[in-house]
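The structure appears right after this line, and notes come after that.
Every value quoted in this text rests on a predicted model; they were computed, and no experiment measured them.
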Amino acid sequence: MAFDISKYKPTAVKKLPILLLLDVSSSMKGEKIENLHDAVEEMVKAFVDEGRKERIIIIGIMTFSDQPELHTPYTPVEDLQKQGVTSFEAAGMTNLGLVLQAAKDLIDDKDITVSGNYRPVVVLVSDGEPTDKNWRDALQAFISDGRSASCQRFAVAIGNDADQEKLLEFAEDKDHLFFAENAQDIVEKFRCVTMTVQRGSAARKTPEPAPEPTQAPAENPWM
């Protein structure tokens, strides 16, 4: 067999996708929405400062009220820090089911959330309870079916009006649910999420195998 120098290529740096699902309904107006924006920028800065060579962190932001919007497509944190996070505007209802459907479709799409990387982190943030009736069907599909079932899931509840029980249904476990008592506490809880993600991903050098859902996939969806 002839020697071929071209086959010696560096190992591709793997990506860690982080998708933020942010409630921007009318109840988030004022200090809450401003501090939520600050919290996202603080998260971006923390990941840039960490700067691990064996991975690239990309952040996507999906806001939701009457309907979901892809506020920021997956963007490397260094680029997102340079360009800045566009401000959020609060208005409308809290249609949780729609954003979970949209997030699932984005994660299940291998052209957008590509294979061969770390399983995505999804962070749901809300200060109220869902206003749509069929949100639980969308939640069950997200956590049980397809590639979205293997995501790492966090939830941040903001204020006393937030339905912590429903957010706990989304979170991977009770340790992945954080409660911000007031607007000023949002940034601190985002720091907690960030540190948890950093600790978890620091120990992984290869893509983490997906936990088996009720109907186990034939293969690791991130390979």
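Taking CE of Met43 as the start and CD1 of Ile59 as the end, the distance is 6.0 Å to the nearest 0.5 Å. Here the OH atom belonging to Tyr8 is positioned 5.0 Å from the CZ atom belonging to Phe3, to the nearest 0.5 angstrom. Atom OG1 of Thr196 sits about 9.0 Å away from atom CD of Gln198, to the nearest 0.5 Å. Here NE2 of His71 is found 12.0 Å from CE of Met62. Values are rounded to the nearest 0.5 Å.
Linking Ile, Leu, Val, Met, Phe, Trp and Tyr whenever their side-chain heavy atoms come within less than 4.5 Å puts Ile56 and Val122 in one cluster. Hydrophobic clustering (ILVMFWY, side-chain heavy atoms < 4.5 Å, transitive): Ile112 and Leu98 are in distinct clusters. No continuous path of ILVMFWY side-chain contacts below 4.5 Å connects Phe179 to Val197, so the two sit in separate hydrophobic clusters. If you chain together hydrophobic residues whose side chains sit under 4.5 Å apart, Val99 and Leu70 fall into the same group. One hydrophobic cluster, built from ILVMFWY side chains closer than 4.5 Å, holds both Ile58 and Val13.
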(message) The test is side-chain contact (heavy atoms from CB on, under 4.5 Å); show your working for Ile158 and Lys189 and say whether it passes.
(response) CA-CA 10 Å; Ile158 302 173; Lys189 298 311 175 187; over 6 Å; no

(message) If you apply the rule side-chain contact (heavy atoms from CB on, under 4.5 Å), what do you find for Asp23 with Val125, and how did you get there?
(response) CA-CA 6 Å; Asp23 180 354; Val125 182; 5.7 Å; no

(message) Please evaluate residues Leu21 and Leu100 with respect to the criterion side-chain contact (heavy atoms from CB on, under 4.5 Å), reporting the C-alpha separation (whole Å), side-chain torsions for both, the decisive distance (0.1 Å), and the verdict.
(response) CA-CA 8 Å; Leu21 308 180; Leu100 291 177; 4.1 Å; yes

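Considering Asn95, Thr131, Thr63, Thr94 in turn, Thr94 is the only one that fulfils the side chain to side chain donor-acceptor pair (under 3.5 Å) rule with Ser25. With respect to Val193, the side chain to side chain contact (heavy atoms under 4.5 Å, CB included) criterion is satisfied by exactly one of Val121, Leu20, Val123: Val123. Checking Ile57, Thr113, Ile61 one by one against Tyr74, the side chain to side chain contact (heavy atoms under 4.5 Å, CB included) holds for a single residue, Thr113.
Using a 4.5 Å cut-off on side-chain heavy atoms (C-beta onward), Lys166 and Leu139 make no contact. Put simply, the side chain of Gln101 does not reach to within 4.5 Å of the side chain of Pro68, judged on heavy atoms. Side-chain contact between Glu78 and Phe47 is absent, with no heavy atoms from C-beta onward closer than 4.5 Å. Using a 4.5 Å heavy-atom threshold, the side chains of Lys104 and Asp145 count as touching. No side-chain heavy atom of Leu168 sits under 4.5 Å from any side-chain heavy atom of Gln164. Using a 4.5 Å cut-off on side-chain heavy atoms (C-beta onward), Leu177 and Leu167 make contact. Counting heavy atoms from C-beta on, the side chains of Cys151 and Ile107 come closer than 4.5 Å. With contacts defined as side-chain heavy-atom distances shorter than 4.5 Å, the pair Leu124/Phe64 qualifies.
By the ring pair (Phe, Tyr, Trp, His ring centres under 6.0 Å) test, Phe142 is found to be paired with Phe170, residues two or more places apart in sequence or in another chain being considered. For Arg191, the salt bridge (Lys or Arg N to Asp or Glu O under 4.0 Å) partners at least two apart in sequence or on another chain are Glu42, Glu188.
The shortest heavy-atom contact between Ser115 and Arg147 is OG-NH2, 3.3 Å. In this structure, Gly97 and Ala138 approach most closely via the heavy-atom pair O-CB, 3.4 Å. Annotation for Phe88 and Leu22: closest pair CZ-CD1, 3.6 Å, computed over non-hydrogen atoms. Annotation for Leu36 and Met28: closest pair CD2-CE, 3.8 Å, computed over non-hydrogen atoms. Nearest heavy-atom pair across Leu16 and Gln152 is CD1-NE2, 4.4 Å. Considering all non-hydrogen atoms of both residues, Asp132 and Leu96 come closest at OD1-N, 3.2 Å.
Heavy-atom contacts from other residues, nucleotides or ligands closer than 6.0 Å to CG of Asn160 number 12 or fewer. No more than 12 heavy atoms of other residues, nucleotides or ligands shown are found within 6.0 angstrom of CD on Glu165. Heavy-atom contacts from other residues, nucleotides or ligands closer than 6.0 Å to CG of Asp105 number more than 12.
With hydrogens and angles disregarded, a donor-acceptor distance shorter than 3.5 Å links the side chain of Ser26 to the backbone of Gly92. Without hydrogens or angle criteria, His176 side chain to Ala171 main chain gives no donor-acceptor distance under 3.5 Å. Asp66 places a side-chain N or O within donor-acceptor distance of the main-chain N or O of Met93, the cut-off being under 3.5 Å. Listed for the Thr75 side chain is a donor-acceptor partner under 3.5 Å among the backbone atoms of Pro73.
Screening residues 31-41 for side-chain hydrogen bond (donor to acceptor under 3.5 Å, both in side chains), with sequence neighbours left out, gives Glu31-Gln184, Lys32-Asp127.
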